[in-house]
Structure formats: structure tokens, C-alpha cells
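Since we're looking at a predicted model, the values are computed, not measured. In what follows, residues are counted from 1 in the order of the sequence shown.
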Amino acid sequence: MATISTAQFKTGLTIEVDNAIWRIINFQHVKPGKGGAFVRTKLKNLRTGAVQDKTFRAGAKMEQAQIDTRNMQYLYEDGAGYVFMDMESYEQITVPGDKIKDALNYLQENMDVSIVQYENEVIGIEVPNTVTLEVAETEPSIKGNTASGGSKPATMTTGLIVQVPFFVNAGDKLVINTNDATYISRA
């Protein structure tokens with residue numbers, strides 16, 4: 001593994017701290033008028049999904065975690081978990097639901113995803129930045145509601161609840177941003 005310094009931090013970098021694997025969500029170099037410089041970071045634990053603020057001395061060294069990603073296709077859910085197929089070798093792996101709980105609201109059969117692995121252990125999946133989902137249930141729109149440009153909750157077929165404009169009806173296909181679960185447009 002490579003050793004890196006806080007000067008090499010960038011968003012998305014993975015590091016190993018306290019026997020855990022962390023992805024840097026954001027960071028800020030701080031030089032106070034008194035005392036030594038430091039780096040304030042927001043880190044996400046890739047195994048548990050917990051987000052934590054951590055501060056490092058400027059110039060501190062740590063191990064960079066070697067994360068591998070494999071392009072795979074989601075096939076189906078069985079009793080043991082979720083089954084994915086490698087697009088090159090056609091090898092199938094089963095991933096338990098607790099490892100990918102953040103992505104379950106976006107998963108659809110035959111969707112291409114990236115499996116994130118650390119030392120051959122699956123620690124998560126990355127879905128595309130936008131997905132097209134169908135509205136399963138939403139309140140019917142009432143004439144005259146759209147003047148204020150408000151929104152209403154809509155439940156997608158995957159169970160995800162998104163705030164959508166009043167003109168959206170059940171059965172519509174919508175483009176959803178997977179980073180923050182927001183409505184982008186009709187498909």
C-alpha cells in the first residue's frame with residue numbers, strides 16, 4: 001500500500017485510518033494564526049456508511065486504501081442477497097443487502113453498476129449518477145396547483161420517496177439523481 005500525506009488529499013480518495021476504510025467526502029486545509037496548520041476532513045466509512053468529521057495535523061502520513069471496482073450487471077434478488085454478474089468473465093457473485101443498502105432504492109434488474117472491493121471483500125456498489133424510475137404511487141394533481149411551483153411526494157417502484165412537481169402522475173417515468181435522491185426531469 002502507498003503512504004500518502006495530508007497534502008495529497010483530494011475528494012474521493014480512500015484512506016485507511018484506525019483499521020477502517022474511509023472515503024474523503026470533502027476536506028479543508030486550515031492555517032490558524034496561532035498553532036500548527038491542520039486538515040479538517042469529512043470521511044465516510046465504506047464498510048458501515050457512517051460519516052465522521054476528522055482532523056489531521058498538516059503533513060501527517062497514512063496508508064492509502066487500494067480500492068478495486070468491477071463493472072457488473074445486477075441480475076436479481078434471491079434469499080441470500082443480490083446477484084451480480086461480471087460483464088467480462090460472466091462470473092456471478094451474491095452480495096448481502098446490508099453491504100449495499102444505500103443503493104437498493106435505485107437498483108433495477110439488468111442495471112450496470114460498479115462493485116467496490118477492498119482485498120476481495122465487497123464493501124459496496126456504485127450506481128450511475130442518474131437512473132430512470134417509474135412512479136408507483138402519488139397523489140393526483142388538482143387543477144390550479146401548479147401556479148406556486150410546489151411539490152408533492154411520489155413513491156417509486158423501488159420504494160424510494162422523491163419530491164416531484166404537481167404534474168407528475170402514477171406510471172410516469174422520471175430521471176432521478178442518485179447522489180441526493182432528487183427529481184431531475186421526466187424520462
Side-chain angles (χ1 to χ4, degrees), residues 1-108 110-131 158-160 176-182:
M1 277 195 241
T3 302
I4 60 165
S5 156
T6 55
Q8 297 168 302
F9 276 8
K10 59 182 184 243
T11 303
L13 185 74
T14 51
I15 57 175
E16 196 170 333
V17 179
D18 303 330
N19 293 327
I21 307 154
W22 302 88
R23 174 167 284 139
I24 297 174
I25 297 172
N26 62 33
F27 66 99
Q28 178 182 17
H29 291 276
V30 180
K31 286 185 182 176
K34 186 177 180 184
F38 59 92
V39 179
R40 189 177 289 137
T41 62
K42 183 175 273 197
L43 305 173
K44 180 176 183 176
N45 187 317
L46 293 183
R47 284 195 175 110
T48 64
V51 176
Q52 188 176 47
D53 292 322
K54 240 183 185 2
T55 303
F56 299 98
R57 265 187 2 271
K61 297 199 178 301
M62 62 212 56
E63 295 291 321
Q64 179 176 358
Q66 189 59 47
I67 300 294
D68 300 317
T69 58
R70 291 171 55 190
N71 290 332
M72 299 188 112
Q73 186 177 55
Y74 170 61
L75 297 178
Y76 58 89
E77 177 186 3
D78 66 8
Y82 297 82
V83 180
F84 296 87
M85 178 180 67
D86 191 314
M87 300 304 288
E88 294 164 11
S89 66
Y90 300 108
E91 169 196 357
Q92 291 186 7
I93 62 168
T94 301
V95 180
D98 62 329
K99 297 271 186 190
I100 58 172
K101 61 181 171 279
D102 294 343
L104 290 179
N105 286 326
Y106 308 107
L107 265 187
Q108 299 171 325
N110 303 320
M111 175 185 269
D112 292 336
V113 298
S114 295
I115 300 284
V116 180
Q117 293 180 311
Y118 175 72
E119 295 178 350
N120 292 328
E121 172 198 357
V122 175
I123 55 175
I125 67 170
E126 294 175 355
V127 293
N129 288 335
T130 59
V131 294
T158 60
L160 178 69
I176 305 295
N177 181 345
T178 59
N179 295 324
D180 55 5
T182 54

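- N26 and T11 form no side-chain donor-acceptor contact under 3.5 Å, judged by distance and modelled atom types alone.
- T3 places no side-chain N or O within donor-acceptor distance of the main-chain N or O of M62, the cut-off being under 3.5 Å.
- Between the side chains of Y118 and E16, a donor-acceptor pair is found at a separation under 3.5 Å.
- Taking both residues in full, the closest heavy atoms of V127 and A103 are given as CG1-CB, 3.8 Å, listed atom of the first, atom of the second, then distance.
- The pair D98-R47 does not meet the salt-bridge criterion, since no charged nitrogen lies less than 4.0 angstrom from a carboxylate oxygen.
- At least one donor-acceptor pair under 3.5 Å links the side chain of W22 to the backbone N or O of V17.
- To the nearest 0.5 Å, atoms CG (N129) and CD1 (I176) are separated by 13.5 Å.
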#### Entry: Candidate pair Q117 and I115, rule side-chain contact (heavy atoms from CB on, under 4.5 Å), full reasoning
CA-CA 6 Å; Q117 293 180 311; I115 300 284; 4.0 Å; yes
### Message
Pair I123, I67 - check side-chain contact (heavy atoms from CB on, under 4.5 Å), show working.
### Response
CA-CA 9 Å; I123 55 175; I67 300 294; 3.9 Å; yes
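- Judged by distance alone, the side chain of S5 and the main-chain N or O of A7 form a donor-acceptor pair under 3.5 Å.
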### Message
Show, in sequence, the C-alpha distance, side-chain angles and deciding distance for F56 and F9, and conclude whether the side-chain contact (heavy atoms from CB on, under 4.5 Å) test is met.
### Response
CA-CA 11 Å; F56 299 98; F9 276 8; 3.9 Å; yes
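- Contact detail for A20 and N45: the closest heavy-atom pair is CB-ND2, 3.8 Å.
- A donor-acceptor pair is defined here as one N or O able to donate and one able to accept, closer than 3.5 Å; such a pair exists between the side chain of T14 and the backbone of A65.
- The aromatic rings of F84 and Y74 sit tilted, their planes meeting at an angle between 30° and 60°.
- Counting non-hydrogen atoms of other residues, nucleotides and ligands closer than 6.0 Å to CG of D180 gives a total above 12.
- Taking the six-membered ring for Trp, Y82 and Y76 have ring centres at least 6.0 Å apart.
- V51 places a side-chain heavy atom less than 4.5 Å from the side chain of K42.
- Salt-bridge annotation for R70 and D86: present, with a side-chain N of the basic residue lying under 4.0 Å from a carboxylate O of the acidic one.
- Using modelled atom types, one side-chain atom of Q73 and one backbone atom of N110 make a donor-acceptor pair closer than 3.5 Å.
- Dense packing is recorded around CD of E121, with more than 12 heavy atoms of other residues, nucleotides or ligands lying under 6.0 Å away.
- For A181 against L160, the heavy-atom pair with the smallest separation is CB-CD1, 4.2 Å.
- Rounded to the nearest 0.5 Å, atoms NZ (K10) and CD1 (I4) are 8.5 Å apart.
- Minimum heavy-atom separation, Q64 to L13: NE2-CD1, 3.4 Å.
- A salt bridge links R23 with E126: the distance from a Lys NZ or Arg NE/NH1/NH2 to an Asp or Glu carboxylate oxygen falls below 4.0 Å.
- Listed for the T158 side chain is no donor-acceptor partner under 3.5 Å among the backbone atoms of Y106.
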### Message
T69 vs N71, test: side-chain contact (heavy atoms from CB on, under 4.5 Å). Steps then yes/no.
### Response
CA-CA 7 Å; T69 58; N71 290 332; 5.7 Å; no
